[in-house]
Amino acid sequence: MIFSGTLLTEGGDGLGEERGAFRVTPKGLVRVGEGLEPDRVGFALPGFVDSHAHIGIGSSGPSTREEQEAQILAQRAAGVLAMRDCGSPVDTGWIDERPDLPRLKRAGRHIARPKRYMRSLPVDLDDPHDLPAEAARQAAAGDGWVKLVGDWIDRSMGADADLAPLWDRRILIDAVAAVHDLGAKVAVHAFARETIDDLLEAGVDDIEHASGMDEDQAHEIAARGVLVTPTLLQIELFADFAEQAGPKYPVYGRRMLRMFEERHERFAMMRDAGVRLVMGTDSGGYQEHGTIGAEFAMWEAEGVPREELLYIASIRSRADLGFGAPYEGGDLIVFAEDPRTPPVLGAPDAVVLRGELC
């Protein structure tokens with residue numbers, strides 16, 4: 001497959017470009033002479049990375065293989081060629097056998113406590129002291145990541161129910177150490193501010209959502225190089241969650257509404273503090289797969305310039321999540337028009353995986 005045009009590349013702290021004609025192979029790109037007839041012409045990126053997706057989770061829970069295929073094809077159509085499956089209750093190993101499907105790094109199953117996450121999705125631990133051993137098991141089952149549920153509503157408190165951490169700090173420290181000893185990393189679902197300090201002390205690698213983070217925590221997260229996936233589409237639903245809490249869980253409802261109302265200021269604060277943000281949709285469940293374009297639009301509405309957005313979503317996130325160098329493996333997406341230029345960034349005009357047009 002021959003591509004001719006502008007290759008958007010790593011340019012230090014942002015996008016660079018390289019113009020010419022390139023043969024795309026399963027090993028990567030090789031510059032060729034201009035005399036060859038190109039298969040595609042335009043502007044190329046190494047494909048988007050969705051750092052927070054759930055292949056195998058649908059609106060009603062675990063998905064069938066047919067549903068999983070539809071999910072990952074929707075991601076591919078949107079230009080996502082690499083995903084971190086941030087917790088799934090089903091075996092998606094069959095995807096690795098399909099060269100026409102995006103690359104997937106799995107985090108095993110979510111790890112939670114009974115009645116402290118969505119039903120049928122996590123491994124529920126009756127004894128929280130089992131967390132280090134279970135985290136090690138999930139590390140062995142995954143592809144370099146483990147997903148913990150850091151906080152959730154504790155409905156046992158009745159009308160006083162609120163978001164509350166699931167794990168004691170000492171247990172978290174031991175669990176993260178067990179995962180790191182196996183060469184894997186830890187991502188943690190965390191909405192509440194009070195959850196984050198324990199996560200930092202435990203040395204986690206990535207915080208998902210971080211919707212209650214304060215400024216001091218943001219500066220500490222930036223200093224430590226901890227990744228944060230802000231999942232703006234998901235946080236947009238917090239007002240709905242607050243309304244659903246109703247009079248039964250008023251404390252929880254007030255907190256969710258407050259985080260919703262503070263969402264714009266918090267995102268700006270994270271950027272100002274230098275937090276290393278990665279792009280993730282939280283697709284599976286509340287969000288449909290293939291919605292990375294909608295997540296892009298929300299980042300742009302928060303003032304993120306288009307070139308920075310493309311750099312984070314297609315190049316920097318590859319390195320942050322361990323997917324290798326840009327264009328490694330012959331993966332790219334092609335736009336007929338320059339994607340750095342508004343209007344709204346739509347789906348790519350062509351997708352290439354492992355050197356082959358899809």
Assess the side chains of [X] and [Y]: does a donor N or O sit below 3.5 Å from an acceptor N or O?
| X | Y | result |
| --- | --- | --- |
| Arg106 | Thr92 | yes |
| Gln71 | Gln75 | no |
| Thr231 | Asp282 | no |

**Request:** Mind checking salt bridge (Lys or Arg N to Asp or Glu O under 4.0 Å) for Glu308 and listing every partner two or more places apart, or none if nothing turns up?
**Result:** Arg271
**Prompt:** Got a sec, which residues hit salt bridge (Lys or Arg N to Asp or Glu O under 4.0 Å) with Asp174, two or more places apart in sequence or on another chain?
**Reply:** Arg170
**Asked** In chain order, what residues pass the side-chain hydrogen bond (donor to acceptor under 3.5 Å, both in side chains) check against Glu337, with sequence neighbours excluded?
**Response** none
**Message:** According to side-chain hydrogen bond (donor to acceptor under 3.5 Å, both in side chains), who are the partners of Arg109, at least two apart in sequence or on a separate chain?
**Reply:** none
**Item:** Of all pairs that satisfy ring pair (Phe, Tyr, Trp, His ring centres under 6.0 Å), the ones with a partner from residues 153-184, not counting sequence neighbours
**Value:** none
**Message:** With ring pair (Phe, Tyr, Trp, His ring centres under 6.0 Å) as the rule and sequence neighbours excluded, what pairs involving residues 19-71 come up?
**Reply:** Phe48-Phe296, His52-His54, His52-His209, His54-His110
**Heavy atoms from other residues, nucleotides or ligands near CZ of Arg23 exceed 12 (cutoff 6.0 Å)** = no
**Asked** Near Arg119 CZ, under 6.0 Å, is it more than 12 heavy atoms from other residues, nucleotides or ligands?
**Response** no
**Prompt:** Quick one: does NZ or CZ of Arg255 land under 6.0 Å from the six-membered ring centre of Tyr252, within 45 degrees of the ring axis?
**Reply:** no
**Request:** Kindly indicate whether a cation-pi arrangement holds for Arg84 with Trp145, taking the cut-offs as under 6.0 Å to the six-membered ring centre and within 45° of the axis.
**Result:** yes
**Intermediate values then yes/no, ring pair (Phe, Tyr, Trp, His ring centres under 6.0 Å), Tyr249 and Phe241** = CA-CA 11 Å; Tyr249 302 117; Phe241 297 163; over 10 Å; no
What I want to find out is whether [X] reaches [Y] closely enough, with some N-O distance under 4.0 Å, to be called a salt bridge.
| X | Y | answer |
| --- | --- | --- |
| Glu261 | Arg258 | no |
| Asp143 | Lys105 | no |
| Asp331 | Arg354 | no |

**Request:** Could you please spell out the steps behind the salt bridge (charged side-chain N to carboxylate O under 4.0 Å, His left out) verdict for Arg65 and Glu69?
**Result:** CA-CA 6 Å; Arg65 178 161 169 168; Glu69 183 173 14; over 6 Å; no
**Request:** Of all the heavy-atom pairs spanning Lys147 and Cys86, show the shortest one and how long it is.
**Result:** NZ-O, 3.2 Å
